[in-house]
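Report on the following structure.
Ligands are counted one by one from 1 in listed order, and the atoms in each one are counted from 1 as well. What's counted below: heavy atoms across the whole structure, side chains too, no hydrogens, waters or symmetry copies.
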Amino acid sequence: MTEQSEPLEVRDRALEVVGLTRAYGEFYALRNISWSVDEGTWWGIIGPNGSGKSTLLHLLSGVDQPTSGNVHIYGKRVGSYSRKELSRLIAVLQQEGLPPVGYTVREVVEMGRFPHQDWLGREKGVDVEAITDRVLERLGLTTLADRALDRLSGGQRQRVALAKVMVQEPRILLLDEPTTYLDLRYQLEFMELLADWRQETGVTIIAVLHDLNLTAQFCDDLLVLKDGMIEGLGASSKLLTEDRIRRVYGVEPVMLPHPDSGVPQLLLRRSASDTTDSTD
Ligand code: ADP
Ligand code: MG
């Protein structure tokens with residue numbers, strides 16, 4: 001992660017949210033969220049189960065509408081884009097990125113170009129096969145290109161989902177707990193692939209993440225949600241404090257600096273009743 005030290009750097013505002021509220025009847029899943037995201041930044045959204053993280057992502061991607069407030073993508077209301085225009089700007093990757101259907105890896109990855117194609121599936125001046133080949137190569141998927149998706153492991157399938165959004169070439173990528181079902185190695189690999197891609201293309205990343213240690217290592221900034229409200233907003237190194245983790249998650253944390261980078265890392269204390277001497 002490179003820190004931009006230029007004080008007067010002007011970046012495009014990729015996304016802006018003002019007074020966003022989403023209610024289901026009497027219940028407020030999100031309340032009065034105001035937030036702006038500069039192009040090229042990597043934000044993490046964290047918070048306990050049910051705090052409104054997925055609801056927020058659905059509003060950002062335009063698949064759900066707020067009860068009040070609004071979302072602007074590159075200065076225009078999200079609802080004023082056509083579905084296809086929006087898909088050229090925003091890609092979404094879910095917890096289980098792709099259903100294990102019978103398509104081959106190559107077929108699925110090529111579908112990522114859909115927002116750029118006309119109704120006959122054509123795209124002027126773009127060699128879809130070449131773009132696809134490049135991404136498959138980069139993600140180490142070349143030898144799996146003709147394999148059906150249902151013949152892949154969860155980790156491989158998640159990499160294919162990433163390949164598909166890379167081929168889509170969005171300016172903003174939204175992810176909802178993309179590493180939840182991956183083992184440690186695949187989790188780290190997935191985050192590193194994202195980091196490299198961002199470095200190279202300047203894509204803006206907004207990711208709901210459960211693992212606070214990975215979050216601290218990869219995200220510049222954090223939006224912390226609790227009960228549908230913003231509990232913290234800003235640099236992840238400043239926000240990940242013992243106090244806040246205790247308040248937001250109701251656990252007893254110990255924060256230590258990562259030996260490599262100094263970013264905060266989390267350990268959990270067992271509750272008092274669990275730590276009684278076993279010889280008692
Ligand atoms: P998170 O992703 O942080 O776990 P969600 O955004 O999925 O939380 O949900 C936030 C709250 O909104 C939860 O209490 C959930 O039960 C509620 N909720 C989500 N979708 C609906 C819905 N369609 N109808 C009623 N309540 C909902
Ligand atoms: Mg969720």
For ligand 1, which atoms sit closer than 4.0 Å to a heavy atom of Thr55?
5 (P), 6 (O), 9 (O), 10 (C)
To atom 14 (O) of ligand 1, the nearest of Tyr24, Tyr28, Phe27 on a heavy-atom basis is Phe27
Return yes or no for this condition: an N or O of Asn49 is under 3.5 Å from an N or O of ligand 1.
no
How long is the straight-line distance from CD1 of Ile172 back to CD1 of Ile90, given to the nearest 0.5 Å?
4.5 Å
Can you tell me if Gln156 and Tyr186 form a side-chain donor-acceptor pair at under 3.5 Å?
no
Does atom CZ of Phe114 have more than 12 heavy-atom neighbours from other groups under 6.0 Å away?
no
Closer than 4.0 angstrom, basic N to acidic O: yes or no for Asp150 and Arg157?
no
Among all protein non-hydrogen atoms, which one is nearest to atom 4 (O) of ligand 1, and what is the separation to 0.1 Å?
Gly50 N, 2.7 Å
What do you reckon, does Pro48 put a non-hydrogen atom under 4.0 Å from ligand 1?
yes
Flag: protein heavy atom within less than 4.0 Å of atom 16 (O) of ligand 1
no
For atom 7 (O) of ligand 1, what's the nearest protein heavy atom and its distance?
Ser54 CB, 3.8 Å
Under 4.0 angstrom from ligand 1, any heavy atom of Gly47?
no
Test Ile131 against Asp127 for side chain to side chain contact (heavy atoms under 4.5 Å, CB included), laying out the working first.
CA-CA 6 Å; Ile131 294 179; Asp127 186 344; 5.8 Å; no
What protein atoms of element N, O or S are positioned under 2.8 Å from the Mg ion (ligand 2)?
Ser54 OG
Verdict with supporting geometry, Glu192 and Phe218, side chain to side chain contact (heavy atoms under 4.5 Å, CB included):
CA-CA 8 Å; Glu192 286 181 326; Phe218 286 92; 3.8 Å; yes
CZ/Arg77: more than 12 non-hydrogen atoms of other groups inside 6.0 Å
no
Indicate every side-chain donor-acceptor pair of residues 24-37 with a distance under 3.5 Å to a residue at least two apart or in another chain.
unit_1, atom_1, unit_2, atom_2, d
Ser34, OG, Gly19, N, 2.9

Quick check: Ala29 and ligand 1, any N/O pair under 3.5 Å apart?
no
Would you say Ser54 and Asp176 are linked by a side-chain donor-acceptor pair, where the criterion is simply a distance under 3.5 Å?
yes
Without swapping roles, check the side chain of Gln168 against the backbone of Pro115 for a donor-acceptor pair under 3.5 Å.
no
